[in-house]
Colleague: 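Before I ask anything, let me first share the structure, which is written out below as structure tokens.
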Amino acid sequence: MQDVIVLNCGSSSIKFAVMNVETGQASLTGVAENLGNADARVKFKASGQSSSLSLPENANHQQALSSIQTIIGEHDANPVAVGHRVVHGGETFTQSALIDESVKEAIKSTFHMAPLHNPPALEGIESAQKAFPDLPHVAVFDTAFFQTIPKHAYLYALPKKLYEEHGIRRYGFHGSSHYFVSREAARMLNKPIEQTNLICAHLGNGCSVAAIKNGQGVDVSMGFTPLEGLVMGTRCGDLDPSLHSVIADTLNYTPKQVDALLNRESGLLGLSGMSNDCRTLEEAAEAGNEDAQMALKVFCYRLAKYIGSYMVVTGPLDAIVFTGGIGENSAFIRESVLSMLEHLGFGVDTDKNLAARFGQAGNISSGKTPVLVVPTNEEWVIAQDAVRISQQA
Ligand code: ADP
């Protein structure tokens with residue numbers, strides 16, 4: 001049995017898991033949170049038992065990782081590698097990489113593209129290398145799966161020097177999830193992935209939809225940042241780009257304040273004025289709240305339009321795939337989206353739609369094209385890559 005330590009380091013948190021690489025089951029999961037604050041702590045769960053530990057006041061990544069090392073050390077595990085989730089790999093990383101000094105330098109060179117995500121990821125990598133010095137460390141990039149997107153799909157219609165000199169183009173995110181569910185979907189369809197065309201919708205707090213042709217990512221709704229594309233929990237998705245300056249002028253905001261509004265106060269939360277949580281909105285909509293009803297309608301309409309446009313991109317489609325917290329659990333959202341696509345031959349089987357929830361995969365289609373619900377497991381992709389890449393070295 002081989003275990004991998006999977007780490008996802010944010011600016012004030014470190015999510016961790018010990019995962020069996022053969023089964024994809026995590027025997028230990030946890031999060032160090034509120035790092036840099038007075039109430040920094042680690043919460044973790046093993047064998048159904050939840051525990052919590054206080055960290056020193058204002059604990060940093062290094063202190064959190066030394067506590068995580070102790071927790072993992074007391075756990076019955078056999079870690080052979082550490083896999084790190086890194087949000088942005090720019091154009092340098094088309095696949096996962098064994099971390100050495102040159103990889104760390106290359107991650108540094110992407111800081112301007114993901115200023116909130118990549119600096120803490122690198123800090124986490126350096127702390128984890130100190131905590132687990134004898135294990136190989138592998139970086140797995142959220143953007144890597146989409147490095148196969150053709151140039152005509154990733155270029156923005158901007159002066160070309162913005163791309164050539166500053167790397168401004170569409171990158172796409174959620175790559176590990178789209179990779180995982182597309183492979184699972186091909187397995188469910190009993191088709192080689194290299195011959196499978198899919199449209200995958202990852203709907204969680206962040207949402208993205210990917211066009212996958214012959215197993216490769218050929219388009220994705222997220223762009224230079226994870227703000228573009230679908231309506232999300234608190235992010236607006238697509239928007240008239242002039243609105244950035246219109247909102248700044250109207251509200252007398254700085255560009256950073258506009259960014260915060262678009263990233264944290266918009267999406268389902270902004271539209272409903274109530275919540276970013278799909279479950280809460282479904283309950284409110286059911287009870288007759290019109291703002292909640294409209295927020296969900298805008299969400300579904302945007303997604304249905306993307307699916308329609310991606311049918312142009314994929315060619316003959318083998319399946320639509322739903323995943324992520326909303327995609328895996330919300331029969332309502334899936335049915336609403338598919339009802340908007342009815343004239344394209346899609347339909348939903350009510351019983352199958354209700355059955356495919358809470359971790360249960362299934363084909364919910366009543367039409368001729370399958371519609372698959374596939375629970376995602378991004379950590380498993382990271383764990384498998386960590387073993388594969390470290391064994392190649
Ligand atoms: P993250 O992107 O943070 O990983 P998740 O993938 O866990 O988020 O998705 C969170 C979203 O999933 C929330 O909007 C939540 O309301 C939604 N969700 C979870 N369970 C259900 C459910 N049973 N019905 C509808 N939405 C659900």
Side-chain angles (χ1 to χ4, degrees), residues 6-17 26 29-31 33 43 45 85 87 116-117 140 142 172-181 184 200-210 220-222 225-237 263-287 289 292-293 295-300 302-303 321-338 348 350 353-362 364 373-382:
V6 178
L7 296 177
N8 182 354
C9 297
S11 57
S12 64
S13 72
I14 300 174
K15 289 192 193 135
F16 62 97
T29 57
V31 59
E33 56 191 15
K43 295 195 294 199
K45 197 170 170 184
R85 177 178 184 224
V87 165
L116 298 180
H117 294 103
V140 180
D142 252 15
F173 300 89
H174 286 149
S176 299
S177 178
H178 287 294
Y179 174 85
F180 181 81
V181 299
E184 282 296 298
C200 296
H202 176 110
L203 312 175
N205 279 311
C207 300
S208 69
V209 57
V220 64
S221 58
M222 284 178 168
T225 74
L227 182 59
E228 190 178 348
L230 300 177
V231 176
M232 315 186 204
T234 62
R235 293 177 226 159
C236 58
N263 274 290
R264 296 197 220 113
E265 298 166 35
S266 301
L268 292 175
L269 173 65
L271 283 164
S272 68
M274 180 191 291
S275 173
N276 63 326
D277 192 294
C278 185
R279 251 171 316 195
T280 308
L281 294 181
E282 281 186 34
E283 282 162 22
E286 177 86 20
N289 183 299
Q293 288 167 357
L296 295 172
K297 194 156 190 176
V298 176
F299 181 93
C300 293
R302 180 85 55 90
L303 174 56
V321 181
F322 283 99
T323 193
I326 298 172
E328 291 168 31
N329 296 303
S330 176
F332 170 81
I333 294 284
R334 296 186 306 229
E335 180 161 12
S336 309
V337 172
L338 291 167
V348 63
T350 307
N353 193 24
L354 288 173
R357 290 187 296 167
F358 316 130
Q360 189 62 48
I364 62 170
V373 175
V374 182
T376 194
N377 192 341
E378 294 160 274
E379 287 83 8
W380 198 6
V381 175
I382 296 172

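Just so you know, these numbers come straight off a predicted model, no measurement behind them. First listed ligand is number 1; within each ligand, the first listed atom is number 1.
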Colleague: Apply the test side chain to side chain contact (heavy atoms under 4.5 Å, CB included) to residues Val140 and Val6: give CA-CA distance (whole Å), side-chain angles for both, the deciding distance (0.1 Å), then the verdict.
Modeller: CA-CA 10 Å; Val140 180; Val6 178; over 6 Å; no

Colleague: List by chain and number: which residues place a heavy atom under 4.0 Å from ligand 1?
Modeller: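 Shell around ligand 1 (4.0 Å, heavy atoms): Gly204, Asn205, Gly206, Asn276, Asp277, Cys278, Arg279, Glu282, Gly324, Gly325, Ile326, Asn329, Ser330, Phe358.
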
Colleague: Restricting to pairs with a member in residues 273-286, which pass side chain to side chain donor-acceptor pair (under 3.5 Å), not counting sequence neighbours?
Modeller: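 Applying side chain to side chain donor-acceptor pair (under 3.5 Å) to every pair that reaches into residues 273-286, excluding sequence neighbours, yields Glu282-Ser330.
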
Colleague: Rounded at 0.5 Å granularity, tell me how far CG in Asn8 sits from CZ in Arg85.
Modeller: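 The distance works out to 5.0 Å.
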
Colleague: Output all residues satisfying ring pair (Phe, Tyr, Trp, His ring centres under 6.0 Å) with Phe16, sequence neighbours left out; order by chain, then residue number.
Modeller: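 By the ring pair (Phe, Tyr, Trp, His ring centres under 6.0 Å) rule, Phe16 matches no residue at all.
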
Colleague: Please name all residues satisfying side-chain hydrogen bond (donor to acceptor under 3.5 Å, both in side chains) with Glu379, sequence neighbours left out, ordered by chain then number.
Modeller: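 Once residues adjacent in sequence are excluded, Glu379 has no partner under the side-chain hydrogen bond (donor to acceptor under 3.5 Å, both in side chains) criterion.
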
Colleague: Between Thr234 and Asn263, is there a donor-acceptor pair closer than 3.5 Å when you use the side chain of the first and the backbone of the second?
Modeller: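 The answer is yes, because a donor-acceptor pair under 3.5 Å joins these two groups.
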
